2 protein chains.
Amino acid sequence: MTGKQNTLYVASLAKGLRLLRAFDQSATDLSLAELSQRTGLEKSATQRLANTLHLEGMLDKDPKTRRFRPSHAWLQLAYVYFWSDPLVGLAMPTLIDLSQRFGVTVNLAEISGDHILYVSRIPGKSSQFASTIVGRRLPALNAAAGRAIVSTWPAEKTDDAINNWAIEQFTPSTTQDRGTIRAALDQARTQGYAITQDQMIMDQTGIAAPVKGHDGTAFSAVQCSFPSRLWPMERILQDALPYILESAQAIVPHTRASF
Amino acid sequence: MTGKQNTLYVASLAKGLRLLRAFDQSATDLSLAELSQRTGLEKSATQRLANTLHLEGMLDKDPKTRRFRPSHAWLQLAYVYFWSDPLVGLAMPTLIDLSQRFGVTVNLAEISGDHILYVSRIPGKSSQFASTIVGRRLPALNAAAGRAIVSTWPAEKTDDAINNWAIEQFTPSTTQDRGTIRAALDQARTQGYAITQDQMIMDQTGIAAPVKGHDGTAFSAVQCSFPSRLWPMERILQDALPYILESAQAIVPHTRASF
DNA sequence: TCCACAATATTAATATATAATACGAGAGCA
DNA sequence: TGCTCTCGTATTATATATTAATATTGTGGA
């Protein structure tokens, strides 16, 4: 290590966490060699760290194939997170009501840097698996929930987000034009909710209402996904929107500045 | 350290994980002093480890109170876990169907040592918050799901579980008698499902069917919770049980020996 | 305003982690 | 069946990261 040592930073711990982050949606079981390659860690380091994570219960190791994968401990952490986030408990009954009323996926999303992350997800009758699991993180500017949240911020911060934050391509219809996104946010600011069509999944309409703090700014939102074939825009606006707005307003957050 | 050093174990990483485990359902935001006390780690170690976990995004730190709490990263780990566990995706449509059909909480539980852990939970109309969040871990012998699973094992392993595994008191009605538990498991083995009443929550009937592998043994189960007032036992057995059994049979697991 | 406790910062000593490397296991191919 | 290559496991000398004692600063409560 060059220069003065940072005595408040434990590099071994950081490397261990880096190993955990080597796993993702499409890499759910990994060998030592793969772990080493994906993390850039030296082979012996990978061995020591993986072994320690296994002994500590964070990774399961298949005795035959010797491959590692996430253990139940990863869900235990989520369990504690749920208790630590008062908004999740507060919102749950409302989200369940909404989902049962319309038979669709209902989410609670929170801002997470320049992304949003789903902290609670109630599945509808025909929800795809990927739409039912918490922890998914999406660029805020692409998602209805992210747009609903950012549209409640002071103009300067909204502008900064529009100009600088990440955007990705999810469907052939996902807009990459920041002008189009700006117009969508202006509209969201005006009408108090955000709508996206075909931006995340084709034939899905997303509609989100911000969960505002006392000062009118939001860091979370209630979001619903409607299959476009069963729910034309008119029907969503007339039948569902009033309930979504009411639901978001019913969730009174304790201020949690995650921004 | 006395004796030969274990060069395959990274104690600093283990300490960092220990710090994460200091958080639980009722201790969701902690100061440095509390973290030090709860983990038994020395004050400076706690400071270094907490600071590193914060820098690495695992803990949020309130700038005013300087208290730490779980970050969104904990849910991101859960997200990856869901993709790593094929049973979760496989079971999801079935669990959603069951929940919508009867309007009750439906869970997928997996064995985890001498406990069961809920890996998927679909809420019913009136589900309590605690019954809607994944990652909860319960003694297998107390829970319907645990009993359904253990009852599919060879008699010797079932006996060992009955004689040695942890049991806890959840309600005034929770049995502590291992004879009563043995009788319940014998009945579960015979009839192919397990029922508990008032064991976890008062006025709640739990019914679980094991998700069997090709050899007939199970390491997971589908479990439903019925409010006893709305669902007398007769009604559960006649109206719901056939669907629960059918659902569990429909979930064909890839063998995953978590045992 | 004062005090007690908590948080933060510093540093010399040493225990730990590193990384190079040897050896064993297993899969794939000829 | 034998050989080769890659991966996994195990070992060890040594560099350095971590430790823990302690000083300093900050903050909340009386």
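We name chains A, B, ... by the order of the sequence lines, and we start the count at 1 in each one. Both backbone and side-chain heavy atoms feed into the values below; hydrogens, waters and symmetry mates do not. Everything numeric here is computed off the predicted structure, so don't read it as measured data.
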Partners passing salt bridge (Lys or Arg N to Asp or Glu O under 4.0 Å) against Asp24(A) (at least two apart in sequence or in another chain): Arg38(A)
side-chain contact (heavy atoms from CB on, under 4.5 Å) against Ala144(B), all qualifying residues, sequence neighbours excluded: Thr196(B), Ala208(B), Gln223(B)
Separation of dT6(D) P from Gln37(A) CD (nearest whole Å): 13 Å
Contacts of Phe129(A) that satisfy ring-ring contact (aromatic ring centres under 6.0 Å, His included) - sequence neighbours left out: Trp83(B)
With Arg136(A) via side chain to side chain donor-acceptor pair (under 3.5 Å) - residues at least two apart: none
Distance, rounded to the nearest Å, where Leu13(A) contributes CG and dT18(C) contributes C1': 17 Å
Counterpart residues, salt bridge (Lys or Arg N to Asp or Glu O under 4.0 Å), relative to Asp62(B) (two or more places apart): none
Separation of dC7(D) C1' from Asp62(A) CG (nearest whole Å): 16 Å
Residues in contact with DNA chain D, drawn from residues 40-52 of chain A - heavy-atom cutoff 4.0 Å: Lys43(A), Ser44(A), Gln47(A)
Ile96(A) to Thr132(B) - nearest heavy-atom pair and separation: CD1-CG2, 4.5 Å
Nearest listed nucleotide, side chain of Lys61(B), among dT8(C), dT18(D), dA7(C): dT8(C)
Ser31(A) side chain near dG8(D) phosphate (N/O to OP1/OP2, under 4.0 Å): yes
Produce the list of close N/O pairs, under 3.5 Å, pairing protein atoms with atoms of nucleotides 25-30 of chain D; give distances to one decimal.
{"residue": "dG26(D)", "atom": "O3'", "partner": "Arg66(B)", "partner atom": "NH2", "Å": "3.0"}

5′-ward residue of the pair Leu32(A)/Tyr9(A) relative to DNA chain D: Leu32(A)
Five-pair end axes of the helix from dT1(C)-dA30(D) to dA30(C)-dT1(D), angle between them (10°): 60°
All side chain to side chain donor-acceptor pair (under 3.5 Å) counterparts of Gln169(A), not counting sequence neighbours: Gln176(A)
Atom-pair distance (CD on Glu34(A); P on dC7(D)), nearest Å: 9 Å
Distance test, side-chain N/O of Ser12(A) to OP1/OP2 of dT18(D), below 4.0 Å: yes
Rounded distance in Å - CG (Leu8(B)) to P (dT9(D)): 9 Å
Partner set under salt bridge (Lys or Arg N to Asp or Glu O under 4.0 Å) for Asp160(A), not counting sequence neighbours: none
Any pair counted as side chain to side chain donor-acceptor pair (under 3.5 Å), so long as it reaches residues 8-22 of chain B, sequence neighbours left out: Glu56(A)-Tyr9(B), Glu56(A)-Arg21(B)
Under 4.0 angstrom between Lys15(B) side-chain N/O and dT18(D) OP1 or OP2: no
Aromatic ring pairing Trp165(B)/Trp153(B), orientation class (parallel under 30°, perpendicular over 60°, tilted between): perpendicular
Partners meeting side chain to side chain donor-acceptor pair (under 3.5 Å) with Ser36(A) (sequence neighbours left out): none
